[in-house]
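All ligand and atom numbering here is 1-based and tracks the order in the structure. Values reported hereafter were calculated over all heavy atoms of this structure, with side chains retained and with hydrogens, waters and symmetry mates removed.
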Amino acid sequence: MLLHNLTAVPSDTLQARFNLAQVMAEEAGNMAMDYFMRRKELTVETKTGLQDLVSIADRNVESLIRDFLRESYPEDGILGEEHGVQDGTSGYLWVVDPIDGTAAFLHGMPNWCVSIGLLKDNQLVMGVVRVPCDDETFAAIKDGGATLNGDGLMLDAAKTLQNSLTGIGANHDIPPEMVGSVICDLMAAGGNYVRTGSGAQMLVHVAAGRLAGFYEPSMHIWDCLAAYCIVAEAGGLHRDFPLEGQGRLAGGPVLAAGPGAFEALDQIARKNELKYLR
Ligand code: IPD
Ligand code: CA
Ligand code: CA
């Protein structure tokens with residue numbers, strides 16, 4: 001395995017894990033890109049239905065990340081979308097989505113990414129999202145700021161639902177009418193929507209100030225955790241996601257926005273959650 005250079009940082013620190021996360025995200029992104037370039041050879045499998053796809057690319061990219069972690073931090077826990085939970089003893093839990101945007105990936109669109117988040121004692125402490133087709137790495141460590149390819153990110157309040165685009169995600173875990181209703185309310189408020197096919201990518205677009213906000217009624221922790229850290233460190237706001245207990249493995253609403261759009265988007269989301277999800 002390609003060994004990372006952790007320079008002088010003591011290995012049992014958050015900073016050393018953050019350095020490793022960026023190396024892993026790049027290596028995982030390279031492996032995923034290799035599969036993407038020869039995606040016609042991949043056998044596409046379905047999970048819950050024809051819109052919920054997976055291939056060996058997802059599994060092997062996650063295995064690569066797990067190999068890195070087993071070598072460097074065998075005492076850390078891992079929760080990955082494709083290979084499940086492996087408990088640890090250090091208090092650290094890595095939360096990995098090897099390819100977020102699998103449907104886009106397998107259909108040949110560039111909107112997919114590798115997402116690596118980290119909890120310490122059930123608190124979100126770090127996130128890295130690598131978008132290989134854009135050659136973009138978003139990274140954040142708690143209280144250390146967020147970066148895009150090394151340049152600092154900081155949101156201002158100028159972006160609103162009205163003067164920007166908003167990412168809306170949807171899957172078949174929610175009533176289809178709800179999607180229409182959320183989009184209807186957003187447009188009635190003077191906004192407009194995009195959906196790229198990767199929730200994690202849309203969340204980091206929020207951190208970069210490209211989208212006013214992002215909302216999806218039901219996602220998993222591996223879809224949002226890393227990007228939540230990046231949004232928060234860029235000065236944005238996000239809903240809480242359950243970080244411990246049973247809630248951690250269940251799906252839940254995901255919402256993040258810049259300071260000028262959070263309240264308005266949250267209001268639209270809550271109105272629709274009351275109507276469709278209770
Ligand atoms: C999915 C993507 C998609 C979102 C789904 C997620 P996957 O993740 O983020 O944009 O709408 O809810 O499950 O399956 O591509 O890792
Ligand atoms: Ca995902
Ligand atoms: Ca995935």
Side-chain angles (χ1 to χ4, degrees), residues 24-25 28-29 31-33 35-36 39 42 44-66 78-85 94-117 127-133 138 165-176 178-180 182-183 193-206 211 213-228 230-231 238-239 241 248-256 269 273 276-277:
M24 290 193 298
M31 180 191 256
M33 186 60 130
Y35 279 119
F36 185 63
R39 60 192 171 274
L42 297 174
V44 179
E45 299 159 51
T46 57
K47 285 172 149 179
T48 56
L50 286 175
Q51 296 287 345
D52 191 6
L53 308 178
V54 70
S55 83
I56 193 83
D58 303 78
R59 295 197 189 98
N60 285 355
V61 171
E62 185 171 318
S63 295
L64 178 81
I65 294 169
R66 283 175 181 263
I78 310 174
L79 166 56
E81 179 178 13
E82 306 303 338
H83 298 300
V85 190
W94 296 84
V95 179
V96 175
D97 192 342
I99 299 178
D100 184 69
T102 292
F105 177 100
L106 289 170
H107 290 304
M109 289 179 283
N111 308 314
W112 50 271
C113 57
V114 177
S115 173
I116 302 174
V128 176
V129 171
R130 170 76 185 158
V131 189
C133 290
F138 297 81
L165 294 169
T166 299
I168 300 294
N171 56 35
H172 285 273
D173 294 346
I174 55 156
M178 182 177 182
V179 188
V182 168
I183 290 173
Y193 69 97
V194 289
R195 178 177 193 263
T196 69
S198 165
Q201 188 198 21
M202 286 191 278
L203 283 165
V204 291
H205 282 329
V206 174
L211 293 176
F214 170 79
Y215 173 56
E216 177 155 345
S218 179
M219 296 180 97
H220 286 96
I221 191 167
W222 47 78
D223 300 310
C224 67
L225 191 78
Y228 264 6
I230 297 162
V231 168
H238 63 75
R239 285 258 192 99
F241 197 96
R248 183 156 80 190
L249 293 177
V254 169
L255 189 148
E273 284 160 17
Y276 293 101
L277 297 185

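A heavy-atom cutoff of 4.0 Å around ligand 1 is satisfied by the protein residues Glu81, Asp97, Ile99, Asp100, Gly101, Thr102, Ala170, Asn171, Arg195, Gly197, Ser198, Gly199, Glu216, Met219, Asp223.
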**Study point:** Worked check of side chain to side chain contact (heavy atoms under 4.5 Å, CB included) between Leu211 and Thr166
**Key:** CA-CA 5 Å; Leu211 293 176; Thr166 299; over 6 Å; no

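In summary, Glu81 and Arg66 do not engage in a salt bridge, as defined by a charged side-chain N under 4.0 Å from a carboxylate O.
In summary, of the residues considered (Asp100, Val204, Thr196), a side chain to side chain contact (heavy atoms under 4.5 Å, CB included) with Cys113 occurs for Asp100 alone.
Using modelled atom types and a 3.5 Å distance limit, the side chains of Ser63 and His83 yield a donor-acceptor pair.
Here 3 is the count of protein N, O or S atoms positioned under 3.0 Å from the Ca ion (ligand 3), waters not counted.
For Tyr193, the OH atom is loosely surrounded, since the number of other residues' heavy atoms within 6.0 Å does not exceed 12.
A donor-acceptor contact shorter than 3.5 Å links the side chain of Asp58 to the backbone of Ser55.
Listed here is the closest heavy atom pair of Pro217 and Ile174: CG-CD1, 3.5 Å. Contact between Gly167 and Met202 at its shortest, heavy atoms only, is CA-SD, 3.9 Å.
Using cut-offs of 30° and 60° on the angle between ring planes, the pair Phe105 and Trp112 is perpendicular.
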